[in-house]
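To start, the structure itself, in structure tokens.
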Amino acid sequence: MGGRTINVLNVAEKPSVAKSVATILSRNQGLRIREGRSRYNKIFEFSYSIRGQPCHMLVTSVTGHLMELEFDERYRKWHSCDPAELYHAPVRKYVPEDKKDIRRTLEEEARRCQWLVLWLDCDREGENIAFEVIEVCAAVNRHLILKRARFSALIDREIHEAVQNLVEPNQWFADAVDARQEIDLRIGASFTRFQTMLLRDAFAMDSVTDDKNLVLSYGPCQFPTLGFIVERYWEIQSHEPEEFWTINCSHRSDEGLATFNWMRGNMFDYTSAVIIYEMCVEEPTATVTNVRHHERLKYPPHPLNTIELEKRASRYFRMSSEQTMKVAEELYQAGFISYPRTETDTFPSRTDLHTIVEEQQGHPDWGSYAQRLLDSGAGLWRNPSSGGHDDKAHPPIQPTKFSTGESGWREEHWKLYELVVRHFLACVSQPAVGAETIIELDIAGELFSASGRVILAKNYLDVYRFESWGGSMIPPYVVGQQFIPTALTLDSGVTRPPPLLSEADLLSCMDKEGIGTDATMHDHIKKLLDRFYATKDTNMRFTPTNLGESLVMGYDDMGYKLWKPYLRAVMERDMKAVSEGAKSKAEVLASSLQQMKACFLDARLNKVKLFEAMEVFFERSNRSGGDEQHVAGEVVRRCGLCQEEDMVLKRKPDGNFMVGCLGFPQCRNAIWLPGPVSEAAVTTNICNICTPGPVYKIQFKFRLLEIPPNYNANHLGCIGGCDETLIQLIEICGTGSRMPARGRGPTAPSSNGYQSNTRQGSCIYCQETGHSSSGCPSQLSVSRNARSRGMNHHNEGTSVSCSTCGTPCALRTANTANNRGRKFYSCPSRDCNFFVWEDSVNNGTGGSSLGSNTGRTSNASRNSGRGRGNRGGLHAAATAFVSATGDPVSGRRCFVCGDPSHFANGCPNRGT
DNA sequence: GCAAGGTC
């Protein structure tokens, strides 16, 4: 090799990498810097030798993608074409306006170079950007020789090795991204245009926003993210509290107080709990059966990556992920922390951890801790653990410059810098050490246990002030020791639904299901807020808006998983196949676009489902103009709800029949007819049972294949409530409509149009289990108006407000073994524990068998939902069997009625 | 006026 000097154009993904590469390769010798056409992307120049070839090196950068994908001009305008055409409309890549100056720099420099070396990040997106750079440069210099530098970190050895071992750019990687971009664009644009144009003007959405240009966007990342929020919301709505019982024991001695928990945990059968409890009270002597001591370690966190930074900032400082990334970016730009967009939670082995700690020694708050870390005699140092993720591009987030705070910093800068530093110091520290004691008791054959913990060494907890480790003292006990408990109580509680999703929960869901990347997750969350699909409360928890819930409900009723993460997962698999050469880009594009187009066309055919879902929450707008004309039909009877208009038989555009009030949308009385109806016509035959009359009978024809064999295809039926055949067919086959019930849990099947109607054992009208549909008090007529926000299918009114927080409480129906059918009010607010049985409100006792309105489980037990065996706190629950003197033995009396002449299991007043 | 992905 050797010979005359060649010009080499080096291009990095961002200015900071260009600077690092240039600094490392030039060894800071003879490095010249000049301006490019764009403000941020400088050009570095120096001499270098690649495998003996003398080179004049020019190092510059882009800022991420240089190009965007867009439809051809003819398809840009929303009304320019049918959205279905967007699945095959021509697309092209172009350099957007704000990137044109970068393109000019590349063109100008490429003209005078012989080689182009691509220093883009070594991931799929980076490879794709590499080809964008190639496209621009090769267009002005056909003779350019193209090379790719592969590096995994910006350190000397890696960079020098990379430049001496240049490889070919990887077309497969770039193709995978091309496919992803095209699929995202076509699906996103087609569904967004479709649902925006369909719904925006059809419904009065002033309650959502005054913005007349509201866009109802659909995206393969934003919708699954919304789906997580809605799903949790539904789970909460459909939660049925279950009453449970547990025995608590406490013992106060000169040494202090010990609280023992029943080892059976929570028992859901009242009678069994009472019987066991009475056995304990009859023989209350406690014998200590076991005393165990052992050492416990609490480990520091793994090195910090983006998602953990976002989650922790949300938990510790209540910062949104979007805000966190903005502030982290600013700290990064100013050089205080390392690159904040990283998946890596493992320090590369060559990281000089000691130097980073040394830099922090002078800090007034954590400087002395840093000094202790460096003192080998203190034994505080520990080599950091590995979280097991490495994106091969960036290290974990760590401090890169010492600061005691800068004049331009806001509170968020302070907090985030402190988090990054303390997190780093924690990572290289020993775990906290605790001594735990567990004491086990036997009372009448029942086992109880208590535990205590003493922290022996705080270690990393000294610097990581965001975490704590509760220590609780427990008096000493010895095996064989006996005592009479100070209190032995039978306490009750009810299971609580899980909480709304927090921002940290949401990020975890997205991470787990592969929705978005660490650099974009916060964007998707913000988009949901910007689009009015969800709101975030002061506790950083997300609730879907009516709009968000309607959209998910609509697609769910079509039976589509468009709001689930599967679509993205399939796409991710396809991308992987393309990047490995197992499938071609064209293959993946053709198959997934064909599938998505079919899905789109089908969704459009079923658009009535979206309408119905929207009708649950929104009034029809006058502007609707009749996109969804209801065909006027024949009168069946007078509307019993508004008593002003007639109910008429209609066939919906999807082919299903219903009887609806002509007063729609003011009156929403509607009766949905069985799905298998193929024809229906109102006759002059008047039902002689149903009142108020007249109710005209309808001649039905059913599709034989869709109904059970013992039913006839032809049926003269009545919709007034007397017709068992009709009721049974609706129960068996479902209606053509979505059901009035919400609160569907994740287990609800939805593979066919009838799924929500075929659940066993519950009434199809009101979804309650206490009666069958033929005995439903609402009969066939269900007012869709009742299905408003915040009321689930158990709601019967909102006449009680929470005495704790004032929130109106829904009246619901219990479905527990002991209280089936019994009504109760419970506060919908997450942090409120208000609960009261309706009968105790009505008879003026104000309390319930739970002893008080606050007999709730604690926060700690909520996450487990129906958590059998959960030991959540029950401290405020009924205290049933402790005498005034504190001696349980002398105070023996029936738990149920208080009579000392018998126990609860023989009580004549006890319910079953 | 649509997506998601880079990054400033």
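Computed from a prediction, not measured in an experiment: that's the story for all the values here. A note on names: the letters A, B, ... follow the listed sequences, proteins ahead of strands, and every chain is numbered from 1.
- By the 5.5 angstrom centroid cut-off and the 30-degree plane limit, Tyr218(A) is classified as not stacked against the base of dA3(B).
- For dC2(B), its base never sits under 3.5 Å from the side chain of Thr192(A) at any donor and acceptor pair.
- Take the nearest nucleotide of DNA chain B for Tyr40(A) and for Lys77(A): the residue whose nucleotide is more 5' is Lys77(A).
- Using a 4.0 Å cut-off, some side-chain N or O of Arg341(A) falls inside it from OP1 or OP2 of dT7(B).
- The separation between Glu68(A) atom CD and dC2(B) atom P is 12 Å, rounded to whole Å.
- Between Tyr233(A) and Phe542(A), the ring center distance fails the sub-6.0 Å criterion.
- Near DNA chain B, meaning a heavy atom under 4.0 Å from it, residues 513-527 of chain A has Gly516(A), Thr517(A), Ala519(A), Thr520(A), His524(A), Lys527(A) in order of number.
- Using a 4.0 Å cut-off on heavy atoms, the residues of residues 120-133 of chain A that approach DNA chain B are Asp121(A), Glu125(A), listed by number.
- One atom, CG of Leu69(A), and another, C1' of dA4(B), lie 11 Å apart when rounded to the nearest Å.
- For Thr306(A) (side chain) and Pro340(A) (main-chain N/O), a donor-acceptor pair under 3.5 Å exists by modelled atom type.
- The NZ atom of Lys14(A) sits 10 Å away from the P atom of dG6(B) (whole-angstrom rounding).
- With a 6.0 Å cutoff to the six-membered ring centre and a 45° limit on the axis angle, Lys561(A) does not count as a cation-pi contact of Tyr566(A).
- With sequence neighbours left out, the ring-ring contact (aromatic ring centres under 6.0 Å, His included) criterion links Phe131(A) to no other residue.
- Of the candidates dT7(B), dG6(B), dC2(B), the closest approach to any side-chain atom of Lys99(A) belongs to dG6(B).
- Atom CH2 of Trp115(A) is separated from atom CG of Leu9(A) by 13.0 Å, given to the nearest 0.5 angstrom.
- Atom P of nucleotide dA3(B) and atom CZ of Arg568(A) are separated by 13 Å, given to the nearest angstrom.
- Contacts of Arg180(A) with the nucleic acid, taken as non-hydrogen atoms under 4.0 Å apart, include base atoms.
- Using a cut-off of 4.0 Å between Lys/Arg side-chain N and Asp/Glu carboxylate O, Lys526(A) and Asp530(A) are scored as salt-bridged.
- No donor-acceptor contact under 3.5 Å links the side chain of Gln195(A) to the base of dC2(B).
- Expressed to the nearest 0.5 Å, how far CD of Gln333(A) lies from OH of Tyr40(A) amounts to 9.0 Å.
- Distance NZ (Lys93(A)) to C1' (dG5(B)): 11 Å, rounded to an integer number of Å.
- Here the two rings, on Tyr218(A) and Phe223(A), have centers that are under 6.0 Å apart.
- If you check every strand for non-hydrogen atoms under 4.0 Å, Pro15(A) touches sugar and phosphate atoms only.
- Salt-bridge check for Glu615(A) with Arg620(A): passed, with a basic side-chain N closer than 4.0 Å to an acidic carboxylate O.
- In this structure, CE of Met325(A) is placed 14 Å from P of dG5(B), rounded to the nearest angstrom.
- In this structure, the NZ atom of Lys326(A) is 18 Å from the P atom of dT7(B), given to the nearest Å.
- Using a 4.0 Å heavy-atom criterion, one finds that Gln181(A) contacts the bases of the nucleic acid, with or without backbone contacts as well.
- In terms of phosphate contacts, Gln222(A) brings a side-chain nitrogen or oxygen within less than 4.0 Å of OP1 or OP2 of dA3(B).
- With distances taken from any side-chain atom of Gln333(A) to the nucleotides dG1(B), dT7(B), dC8(B), the minimum falls on dC8(B).
- Closest to the side chain of Val215(A), from the set dA4(B), dG1(B), dT7(B), is dG1(B).
- In this model, the phosphate group of dT7(B) is approached by a side-chain N or O of Tyr339(A) to a distance below 4.0 Å at OP1 or OP2.
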message = Go through it in stages, so that I can follow the logic: the residues are Tyr560(A) and Tyr555(A), the test is ring pair (Phe, Tyr, Trp, His ring centres under 6.0 Å), and I'd like the CA-CA distance, side-chain angles, deciding distance and then a yes or no.
response = CA-CA 6 Å; Tyr560(A) 287 137; Tyr555(A) 286 114; 7.4 Å; no

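- For dG1(B), neither phosphate oxygen OP1 nor OP2 lies less than 4.0 angstrom from any side-chain nitrogen or oxygen of Ser217(A).
- Glu329(A) places its CD atom 9 Å from the P atom of dT7(B), with the value rounded to the nearest Å.
- One finds no salt bridge joining Glu329(A) and Lys326(A) here, because no Lys/Arg side-chain nitrogen approaches an Asp/Glu carboxylate oxygen to under 4.0 Å.
- Summary of the strand contacts: Phe71(A) and Met67(A) both lie near DNA chain B, and taking for each the nucleotide with the nearest heavy atom, the more 5' one is attributed to Phe71(A).
- Taking 4.0 angstrom as the limit, Arg531(A) places a side-chain polar atom (N or O) nearer than this to OP1 or OP2 of dC2(B).
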